[in-house]
Amino acid sequence: MQLRCFDPACAAQLPLHSSALACPTCGGLLEIETDPVAMEASELKQLWSDRRRSRDPRDLSGVWRYREFLPDYPASEVVTLGEGNTPLVRGHKAADYAGVADLQFKHLGWNPTGSFKDLGMTVGMTEALHVKSKVVACASTGNTSAALAAYAARAGLVARIYIPAGQISLNKLAQSLDFGAEVVEIEGSFDDALNTLLEKSREGIYFLNSINPFRIEGQKTTMFELMDQLDWKVPDYLFVPGGNLGNSSAFGKGFEELLRAGLIDRAPRMIVVQAAGANPFARMWREQAAELTPVAEPETIATAIRIGNPRSWQKSLRGVRKTGGQVIDATDEEIGEAKAVIGRDGIGCEPASAATLAGLRKLRASGVVPKDASVVAILTGHALKDTNFIIRQHQREEAHAH
Ligand code: F0G
């Protein structure tokens with residue numbers, strides 16, 4: 001395995017453990033080029049099924065169980081909290097609300113720190129430890145920082161998090177404090193916080209934002225686990241919320257590798273849903289523009305995806321195109337309403353996750369998604385990630401009722 005520049009016109013190669021965050025030749029995004037796996041698809045499926053009876057900490061992780069497709073580390077180096085293994089839950093009221101018959105939620109909010117970020121962080125932190133880092137850092141809208149703080153604590157590393165002051169959920173900030181992170185508040189948006197971090201000297205600090213290709217590797221295993229849970233029967237549509245676009249990038253890479261290994265014969269159409277006030281990717285898609293134009297002042301109640309300048313858009317775009325998907329957006333009102341429906345199904349999620357159901361309802365209404373389509377929506381964060389939002393939403397409803 002090695003690192004490779006994502007831009008096919010450059011395609012520069014670097015050693016896997018070189019800790020680079022951008023291509024030294026062209027400045028582009030890097031990705032990990034995995035080696036073709038020598039096993040048959042049927043052998044892999046059997047191996048992964050057998051590992052469910054094992055007590056090896058790597059087999060108990062829903063990420064490392066699929067390690068044939070991950071960078072190789074000695075078992076003793078793997079930093080894990082038993083992430084993954086999240087259930088597929090059928091949404092009944094949500095299916096009625098969207099107007100489809102077959103809707104399942106893959107709830108990544110039921111991970112150790114309550115969001116999908118744990119899936120990438122287990123691999124990113126393992127790599128940080130492997131290259132002998134002492135300090136790890138990220139900019140965050142709250143979930144990456146909570147995951148970074150937890151996994152750094154497990155690994156015995158110092159965690160430093162850059163957050164937009166006053167703009168992240170207190171529940172998420174509380175998690176990072178609980179896990180012992182150093183918190184740096186930046187006046188401005190998430191994009192400002194990320195810029196501040198990237199301008200800093202990387203001397204002795206290992207950066208764990210989603211431009212870090214090791215995080216993408218962990219997150220891609222969501223699609224391995226999902227297909228495994230579906231007994232390798234591919235759904236028609238996959239809905240995923242889009243912020244910095246790391247997760248949809250990871251899923252696109254996952255599909256490419258699953259197809260290449262013969263584990264699936266087609267991919268679901270991937271629909272990325274942004275918040276309407278932070279929608280540079282959806283706008284680019286609508287306008288069929290060649291480049292992404294950042295949104296200068298992103299604004300949405302879904303603070304997790306309040307991002308104006310998503311870094312991984314090229315990677316995400318490849319996944320959307322290759323699967324025959326689309327990029328759309330949903331208003332705050334649509335997101336809030338969809339979130340309440342997911343709550344009534346007894347599932348719950350944070351606002352950003354509900355963008356998926358809001359997006360599905362829209363594409364069903366416009367006839368893009370047929371009624372009999374099989375749909376999986378990715379829920380990215382736990383309901384308790386943003387309790388203030390829920391309380392305020394219900395206070396508003398009370399006020400309307402009187
Ligand atoms: N949903 C939740 C709950 C998130 O926290 C994020 C991103 C996303 C969706 C979007 O995922 O960026 O991969 O497109 N949160 C990041 C953070 C930015 O710092 O926690 P993406």
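One-based numbering, in listed order, for ligands and for the atoms of each. For reference, positions follow the sequence shown, starting with 1.
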request  = Run the numbers on Arg266 and Asp236 for salt bridge (charged side-chain N to carboxylate O under 4.0 Å, His left out), then give the verdict.
outcome  = CA-CA 9 Å; Arg266 66 181 176 94; Asp236 298 323; 3.6 Å; yes
Could you go through ligand 1 and list every pair where one of its N or O atoms sits under 3.5 Å from a protein N or O, giving the atom names and the distance to one decimal?
residue: ligand 1; atom: 1 (N); partner: Thr380; partner atom: OG1; Å: 2.7
residue: ligand 1; atom: 5 (O); partner: Asn143; partner atom: ND2; Å: 2.8
residue: ligand 1; atom: 12 (O); partner: Asn244; partner atom: N; Å: 2.7
residue: ligand 1; atom: 12 (O); partner: Leu245; partner atom: N; Å: 3.4
residue: ligand 1; atom: 13 (O); partner: Gly246; partner atom: N; Å: 3.0
residue: ligand 1; atom: 13 (O); partner: Asn247; partner atom: N; Å: 2.8
residue: ligand 1; atom: 14 (O); partner: Gly243; partner atom: N; Å: 2.7
residue: ligand 1; atom: 14 (O); partner: Asn244; partner atom: N; Å: 3.3
residue: ligand 1; atom: 14 (O); partner: Leu245; partner atom: N; Å: 2.7
residue: ligand 1; atom: 15 (N); partner: Lys117; partner atom: NZ; Å: 3.0
residue: ligand 1; atom: 15 (N); partner: Thr141; partner atom: OG1; Å: 3.4
residue: ligand 1; atom: 19 (O); partner: Ser140; partner atom: OG; Å: 2.7
residue: ligand 1; atom: 19 (O); partner: Thr141; partner atom: N; Å: 2.8
residue: ligand 1; atom: 19 (O); partner: Thr141; partner atom: OG1; Å: 3.3
residue: ligand 1; atom: 19 (O); partner: Thr144; partner atom: OG1; Å: 3.1
residue: ligand 1; atom: 20 (O); partner: Ser140; partner atom: OG; Å: 3.4
residue: ligand 1; atom: 20 (O); partner: Thr141; partner atom: OG1; Å: 3.4
residue: ligand 1; atom: 20 (O); partner: Asn143; partner atom: N; Å: 3.1
residue: ligand 1; atom: 20 (O); partner: Thr144; partner atom: N; Å: 2.8
residue: ligand 1; atom: 20 (O); partner: Thr144; partner atom: OG1; Å: 3.1

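Sorted pairs that involve residues 262-300 and meet ring pair (Phe, Tyr, Trp, His ring centres under 6.0 Å), not counting sequence neighbours, are lacking altogether. A side-chain hydrogen bond (donor to acceptor under 3.5 Å, both in side chains) check over residues 155-168, counting only residues at least two apart or in different chains, returns the pairs Arg160-Glu182. Judged as a salt bridge (charged side-chain N to carboxylate O under 4.0 Å, His left out), the pairs with a partner in residues 77-92 (not counting sequence neighbours) are, in order, Arg90-Asp102.
In this structure, a donor-acceptor pair under 3.5 Å is present between the side chains of Arg65 and Asn85. Glu68 and Trp48 share a side-chain donor-acceptor pair at under 3.5 Å.
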